[in-house]
Structures are given as C-alpha cells and as structure tokens.
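For reference, the structure discussed in these notes is given below.
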Amino acid sequence: MYLRGVEIDPGLDLSTKKTREVAGYLSDQIILGEKWSLRAGLRFTIWQNVGPSTEYSKVPVEVGGIQTDSLVVTPHPNGEVYWQYISMDPRLSFVYQPDARRLWKASYSRTSQFQYLITNSISPFTSLEVWLPAGPNVAPQFAHQFTLGYLHRFGPGLRVDTEVYVKKMTSLIDYKDHAHMLLNPLLEYELRFGKGHAYGLETILHKEKGAFTGWLSYTWSRAFHVVEGISGGNPYPAYSDRPHDLSLYVSWNFRPRLSLTANFIYMTGAPFTTPTGFYLHDNHQVPVYLERNNDRLPDYHRLDVALNLQLNRPGKRFEHELVFSIYNLYNRKNPVSLNFNMTQDANGNFVVPADFYSQPQLVASQYYLYGIIPSLSYHFRF
C-alpha cells in the first residue's frame, strides 16, 4: 500500500485510540520581603498510548524510479503501552506590591496539550468531530507564555488591571488543502504541523460598589501560524486572530430588589479563506484557493439586556428571582460562516448546476446562528 502514486487500500479500518494520562503538580509561594513574592510550580505529565489499536505509519520507498511512501500497518494488542510522552511544565510568577494601591506582576508558563479536536473541514457546524490523541504520528503541542501586568486601585471598589503577553507555540495542527476528514483511517496524513506566535494587551476597568457596577474591558491581540505546505510556508492569521475585542457590562440597582443589566460585546470578525480566483470546468466555476485565512467575516457585535426581580426579602434562607432578558436586542445578524458554493442565473434565481444552460454566477452564502431572542426565566437557590 502506498500513500502517493498508488491507490490506498480502501479496506483499512478506522483505528480505535486508547490513551492514559498520569499527572502531578507541585506549587509553593515564597515571600521574598515586604513587597516581593514568588510562586513557583511544576506540572509533571506522562502520556501513554495503550492497545488495542492499529497504527498506520509511512516509510519512504522507491517504486518504478518514483519516490513515494509505503504504508506500514502495526497492530498493538490489548494493554500494550506502545508510545509515551513525558512532559515537565514549569510555572513562575513574581509579584511586586509597593503599596496598597499598586501591584506589578510578571509570569512565565509552559503548557502541553496531548489531544486535539478534529472537525469536518466541509463545515464549521457539524457533529462529526473526534478527539485525536497525540501518538506516533501526532506530536503534543507546547506553548511558552510570558506576561507582564499592572494593577492600580483608585479607591474602594474601583480598579484597573492591565497585562501584556507574548506566546510561542510549537507542533500546531492545521488541515491540508481539500482535506478529507470524514471516516478517514489515515486522518493523521490530512494534517499539517507547524509553529505559531501570539501577542497582545488586555485591560479591564472594574467598578464594584454603588448603585452602578460593572466593567469595561478591551483586548488588542494578534495570532499567526506558520505551517509547511500552507500559504507557501508564510505566516497567516490563526482562526483566533481577532485584533479588537471590547466588552461592556453594566448593572443598575434602581430599586431594593429590582436591577437592570446590559452587556455589549464587539469583536473583529474571524479570519476565513476566500477564493483568489476561478476557472471554468465543464461549465462550472471552480474556486481557486492560494492563501489560508486571507479574508475576514464582518465584525461581531450584539447587546443583551435583562431585568431582574428578587422575589424574596434580604436575609431569607431561600432565594428566588424572576428574570426577563433579551438576547441580541437590536437583532444583529452576525455571520459565522461563508461559503462559495451556490450558483444563480441572470435573473438572480438559485439553480442546480445540472439545470442551467447559460453561464451561471458563483455567489457567496452566509450563515448566522441567532437573531433577537426574548426569554423569561425563574431561578431558585437555597
């Protein structure tokens, strides 16, 4: 059996993956003086792949003078530990507090990830998702993060907290172009591996006392991946790359047991891939994709409001309240997916490709999840 140049045996079975994780964590806080403190931690992880399972690996061979990859099938019996990763992840955090109003903090952490959520690449909305564990063909993902932060208290109940961070990632996973993910026994060979980096600034203003409480937060961040075989090996935006993220939450207690809350969210649209050109094949327009995540969805924003009525008097053992809320008050239709897979004729009517006789036009179709949603709920606590 060969992966390139010769067809792959269609009789390959989907392999069951069984893993085992053993982890421990040590942490200690050291007071270095009246104003300095240090917290150090270490997470120790053992990740094992355990049979029964069948692993498919490729070995380079030459067939008819052409270099290709031969597929080797290796069954592992029940209970056999046939692959293992050991990871040591340190964490360090320094705190400097010159007085009661100001606090500086700096930290470093190394994290490991041993399993990945693999989705069907045809659509972002599908139940066809599987967890793929690290193993002989998929290395664990590691990340190193450095942060520097400052907190300032302006008075009772009012503070600002700001952090900047830099993150470096290795063994990132992405999909090759036109990847086949559905019921594929050779799923690992549809993946591509690379590295990434992210950086940003986060700040939040808290107000915790008075009739008006809430917070205002803003994040500016960037995240890029570099994966061999994708976008020519050049950096491209990660799906999580949303440069601007603004959130405002306000709560107004205008009566002893009556409050009004509002939550506004705004963020830059998520990156996605659009065609860079088209060509005709049998009277069909076929899109051509050259760069990954070369476009963005429209910006996401919405406003949620709620009216909360506390039904019990203060100090009672049982608490219950009535909440009337409106999700997405101004009915913003935030698109979450866009596809170039629909055709329409000269009159603007959508048609099935086999039914048209004149040149159709390929148009984009987009999907959104929710519009405005009013609701009434009752909460009971004891």
Give the ring-plane orientation class for [X] versus [Y], where under 30° counts as parallel, over 60° as perpendicular and anything between as tilted.
| X | Y | answer |
| --- | --- | --- |
| His206 | Trp215 | tilted |
| Phe318 | Phe380 | parallel |
| Tyr82 | His76 | parallel |
| Phe212 | Trp252 | parallel |

Would you tell me whether [X] and [Y] have side-chain atoms, one donor and one acceptor, within less than 3.5 Å of each other?
| X | Y | value |
| --- | --- | --- |
| Arg110 | Ser87 | yes |
| Gln141 | Tyr116 | no |
| Tyr236 | Asn294 | no |
| His152 | Tyr150 | yes |
| Ser93 | Ser107 | no |
| Gln310 | Asn312 | yes |

Salt-bridge contact [X]-[Y] (side-chain N to carboxylate O under 4.0 Å):
| X | Y | result |
| --- | --- | --- |
| Arg257 | Glu321 | no |
| Arg296 | Asp241 | yes |
| Glu55 | Lys17 | yes |
| Glu208 | Arg153 | no |

Is any side-chain heavy atom of Tyr165 closer than 4.5 Å to one of Glu202?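 Yes; the side chains approach each other to less than 4.5 Å.
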
